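Please read all numbers here as calculations on a predicted model, not as lab measurements. Below, read A as the first sequence line, B as the second, and so on, with proteins coming before strands; counting in each chain starts at 1.
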Number of protein chains: 2
Amino acid sequence: MTANSATDLLREHNLRPTRQRMALAALLFDGTARHVTAESLHDQVKDMGITLSLATIYNTLHQFTNVGLLKEIKGIGDAKWFDTNIDQHHHFFDISNDHLIDIPASSITISHLPASPDGKVIDGVDVIVRLSDKSPDKSSG
Amino acid sequence: MTANSATDLLREHNLRPTRQRMALAALLFDGTARHVTAESLHDQVKDMGITLSLATIYNTLHQFTNVGLLKEIKGIGDAKWFDTNIDQHHHFFDISNDHLIDIPASSITISHLPASPDGKVIDGVDVIVRLSDKSPDKSSG
DNA sequence: ACAATCTTTACAATCATTCTAAACTACTTG
DNA sequence: CAAGTAGTTTAGAATGATTGTAAAGATTGT
Ligand SMILES: [Mn+2]
Ligand SMILES: [Mn+2]
Ligand SMILES: [Zn+2]
Ligand SMILES: [Zn+2]
């Protein structure tokens, strides 16, 4: 993502293109699927020599989420995750390295879902497939 | 759950039957499915006129979980939940009142799950079906 | 009863996150 | 460009859930 397209993206969403937002937009919206926490993103920008406060990371992640540029994922580890894939989808969660991998909604079929209780409607379905390392074969070691 | 059966249950799991553990076991293992947080359980025992510290609630919930009497559920709201249903199962989560309802694993069918990445195995699958209140019919109001 | 071990508890500490208010920056208008 | 206004950033305090610490208290085996 170029500086110009970051500016445009921010303007389109009524966010002033500040130095901080430009840096975060450049990191996040490079076209690849990204899953970040506030801390992981803070570390990434620090590694690039850019200084910006953790409070700004939180502010910006929330603003990007509010305008629909990011989606929040809860229930993975202890922190909130933010996802550049805003389509409805599911996740592999690798517990050995805390990595998330997208699973397109279309590649899982959920059937026989029970009816919602009276007066309630289904708001969404979240599937998390936990992954761990295949154990080494104990019989041959 | 009677005092005697609570004592037995605790002894079977190598936990000394203290006043505090007896009270919590009586509340939790009454045969019905229960989903509690440390705070909600603390409030419940306080309502029964029993005094015990929040630290003990946490200690006891973890001990019960370690011996297989409870299962921990993460990703619901901001706090950890503990579940007396230790079978593999899924949940409705009613976002309007923070209530959990069990969905037996057998009543959901998940198919076409993508293959795990190389060297990884599936450790488990968690499904959370978010519920909200059915909106009032806006066309007739 | 005694000693050993385990348990409870008050309180401090931690961690992710949010709040606050003052300093700073961007945008608009003259 | 200058000034005014509104929006933004930031350090640091506050919050809320949870965990750690260490001393006091309870349970168990002898
Ligand atoms: Mn958009
Ligand atoms: Mn058991
Ligand atoms: Zn994703
Ligand atoms: Zn359950």
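- In this structure, A/T18 reaches the sugar-phosphate backbone alone: every heavy-atom distance under 4.0 Å involves primed, P, OP1 or OP2 atoms, never a base.
- Put simply, NZ on A/K80 is 14 Å from P on D/dG16, counting in whole angstrom units.
- The closest side-chain donor-acceptor pair between B/N85 and B/H35, if any, does not fall under 3.5 angstrom.
- Taking side-chain N and O atoms only, B/Y58 has no distance below 4.0 Å to OP1 or OP2 of D/dT19.
- Remark: side-chain polar atoms of A/S40 are paired, donor with acceptor, to backbone N or O of A/T37 under 3.5 angstrom.
- As judged by a 4.0 angstrom heavy-atom cut-off over every strand, B/A55 is placed among the base-contacting residues.
- The phosphate of D/dT27 has neither OP1 nor OP2 within less than 4.0 Å of any side-chain N or O from B/R11.
- With no hydrogens or angles considered, a side-chain donor-acceptor pair links B/D102 and B/H91 at under 3.5 Å.
- If you take CG of A/N59 and P of C/dT17, they are 13 Å apart, rounded to a whole angstrom.
- When rounded to the nearest whole Å, the span between CD of A/Q63 and P of D/dT10 equals 12 Å.
- The pair B/D94-A/K120 counts as a salt bridge, with a side-chain nitrogen and a carboxylate oxygen less than 4.0 angstrom apart.
- For A/L54, the listed nucleotide lying nearest its side chain is C/dT17; candidates were D/dT18, D/dT10, C/dT17.
- We find that A/K46 and A/D43 are joined by a salt bridge, their nearest charged nitrogen and carboxylate oxygen being less than 4.0 Å apart.
- The CG atom of A/L10 sits 15 Å away from the C1' atom of C/dT25 (whole-angstrom rounding).
- Of the side-chain N and O atoms in A/Q20, one or more sit less than 4.0 angstrom from OP1 or OP2 of D/dT10.
- Closest-nucleotide positions on DNA chain D for B/R19 and B/D78 were compared, and the one nearer the 5' end corresponds to B/D78.
- For A/R21 against D/dT8, a side-chain-to-base donor-acceptor contact under 3.5 Å is absent.
- Distances from the side chain of A/R16 to the nucleotides D/dT9, C/dT25, C/dT9 place C/dT25 closest.
- Distance CG (A/L61) to C1' (D/dT9): 15 Å, rounded to an integer number of Å.
- Here the side chain of A/A79 is nearest to one of C/dT5, C/dT17, C/dT8, namely C/dT17.
- For the pair A/K74 NZ and C/dA16 P, the interatomic distance rounds to 17 Å; values are reported in whole Å.
- For A/M22 and C/dT25, the CE to C1' distance is 14 Å, given to the nearest whole Å.
- At C/dT9, one or more side-chain N or O atoms of B/S53 fall inside 4.0 Å of OP1 or OP2 (strictly under the cut-off).
- The CD-P distance, from B/E39 to D/dT18, rounds to 8 Å in whole Å.
- Contact annotation for B/H62: backbone-only contact, meaning every heavy-atom pair under 4.0 Å involves sugar-phosphate atoms and none involves a base.
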